[in-house]
Amino acid sequence: RALEAKGIPIKVTGGSSLTDAEELVEFLKLLRCLADPDDPVKLLAVLRGIWFGFSDDDFYQFHHAGGKFYFRSSLADSIPADLSAQFTAAYERLQKWRKWLEHKSPALAVRLIGDNIGILPYAAAQGNGRSRSGYYLHVQEILKTAEFDEGASFSGLIDRLSDILNQDLEQEMDQDGLAENAVRIMNLHKAKGLEAKIVFLVESAPREAHEPVCHIHRGQKKASGYFLALIPNGPYHKKTVAQPADWQQYAEEESKYLS
């Protein structure tokens, strides 16, 4: 997010951050609902989500008035007019999307449904929007490839999307469509062996304040290291027994990178 805020192009390898993209999680719920229209639990999950925004009170009033949680059914006349209008609009959209699944290729139907509900503008409007938009476009490409190269059905595409969200995605996500000249973000396992000229290892554990114990000075010709000589001093501490000349100067310089 910090890189994106500075306008720096990035590539992301690994899908752990995809679970933070609420729109993709909700999109998966929607596709599962369309694949199994007889399941009221999946329907309720979708209706409560970001695409429709129904409340539990809406569900209670709808059910109490004789409504059925089945988007292919007609609505009872006893349902209050305003609530009936909301559920009618939702059910009609779900019926339309279901017809797309029945009459179009799986990957095309998935793309059309995503476009129709507005995933891309929704993702772009969120925090980290450029990356999240890139995630969605990349996922669509993966699903299209799964159908064309592997013959995946609609249920197969659902399984593939679920795998993408729940596992580490191996493909590299280029958020800006740039093949080169971008910062590549990946975990340590994927970074090994690439021999990049510049690598930043970002500490994932909570940072605790501590005094410097070493300093590496990188001059124009060669690097020099300066280290404290330490011995154990109790179970949790160490004692300095020797230090380089001008250590205070080196320690102050090193402290800039520890704060």
To the nearest 0.5 Å, atom CZ of Phe59 lies from atom CG of Leu47 at 5.0 Å
Should the heavy atoms of other residues, nucleotides or ligands under 6.0 Å from NZ of Lys96 be counted, would the total exceed 12?
-> yes
State, with a plain yes or no, whether a side-chain heavy atom of Leu43 is found less than 4.5 Å away from one of Tyr91.
-> yes
Quick check: are there more than 12 heavy atoms from other residues, nucleotides or ligands sitting under 6.0 Å from CZ of Arg93?
-> yes
Residue pair Leu143 / Leu161: nearest heavy atoms and the distance that separates them = CD2-N, 4.2 Å
Say you draw a straight line from CG of Leu30 to CZ of Arg32; how long is it, rounded to the nearest 0.5 Å?
-> 11.5 Å
Is it true that a side-chain atom of Ser224 and a backbone atom of His217 form a donor plus acceptor pair closer than 3.5 Å?
-> no
Please check if Leu108 and Ile158 belong to a single hydrophobic cluster, counting links between Ile, Leu, Val, Met, Phe, Trp and Tyr side chain heavy atoms closer than 4.5 Å.
-> yes
Side-chain donor or acceptor of Asp163 paired with backbone N/O of Arg160 under 3.5 Å = no
Straight-line distance of Leu83 CG to Thr88 OG1, nearest 0.5 Å = 9.0 Å
Return the minimal non-hydrogen interatomic distance between Phe27 and Val110, and the atom names on each side.
-> CZ-O, 3.5 Å
Could you tell me whether the side chain of Tyr226 reaches within less than 4.5 Å of the side chain of Glu254, counting heavy atoms only?
-> no
Paired with Tyr122, the side chain to side chain donor-acceptor pair (under 3.5 Å) test is passed by just one of Glu22, Glu23, Glu26, namely Glu22
Ion pair Arg48/Asp56, N-O distance below 4.0 Å | yes
Non-hydrogen atoms of Val46 and Cys33 that approach each other most closely = CG2-CB, 3.6 Å
CH2 of Trp51 to CG of Asn116: how many Å apart, nearest 0.5 Å?
-> 11.0 Å
Flag the pair Arg111 and Asp115 as a salt bridge only when some basic side-chain nitrogen lies within less than 4.0 angstrom of an acidic carboxylate oxygen.
-> yes
Consider only side-chain N and O atoms of Ser162 and Asp159, and report whether a donor and an acceptor are under 3.5 Å apart.
-> no
Validation row: Lys256, Glu253 side chains within 4.5 angstrom (heavy atoms) | yes
Determine, for Lys144 against Glu147, whether the closest basic-nitrogen to carboxylate-oxygen distance falls under 4.0 angstrom.
-> no
Phe227 side, atom CZ; Tyr250 side, atom OH - distance, nearest 0.5 Å | 12.5 Å
Between Leu157 and Ala107, which heavy-atom pair has the shortest distance, and what is it?
-> CD1-N, 3.6 Å
So do the side chains of Ile113 and Leu101 get within less than 4.5 Å of each other, counting heavy atoms only?
-> yes
Correct closest heavy-atom pair for Val213 and Trp247 would be C-CH2, 3.7 Å
Check whether any side-chain heavy atom of Leu31 sits under 4.5 Å from a side-chain heavy atom of Phe154, and report yes or no.
-> yes
Which heavy-atom pair separates Leu34 from Pro37 by the least distance, and what is that distance?
-> O-CD, 3.6 Å
Check: Asp57/Gln61 side-chain N/O donor and acceptor closer than 3.5 Å = yes
Taking atom types as modelled, is there a side-chain donor on Gln140 or Tyr136 under 3.5 Å from an acceptor on the other?
-> yes
Pairwise distance CG(Asp82) to CD1(Ile79) - rounded to 0.5 angstrom | 11.0 Å
Asp77, CG atom: more than 12 neighbouring heavy atoms under 6.0 Å = no
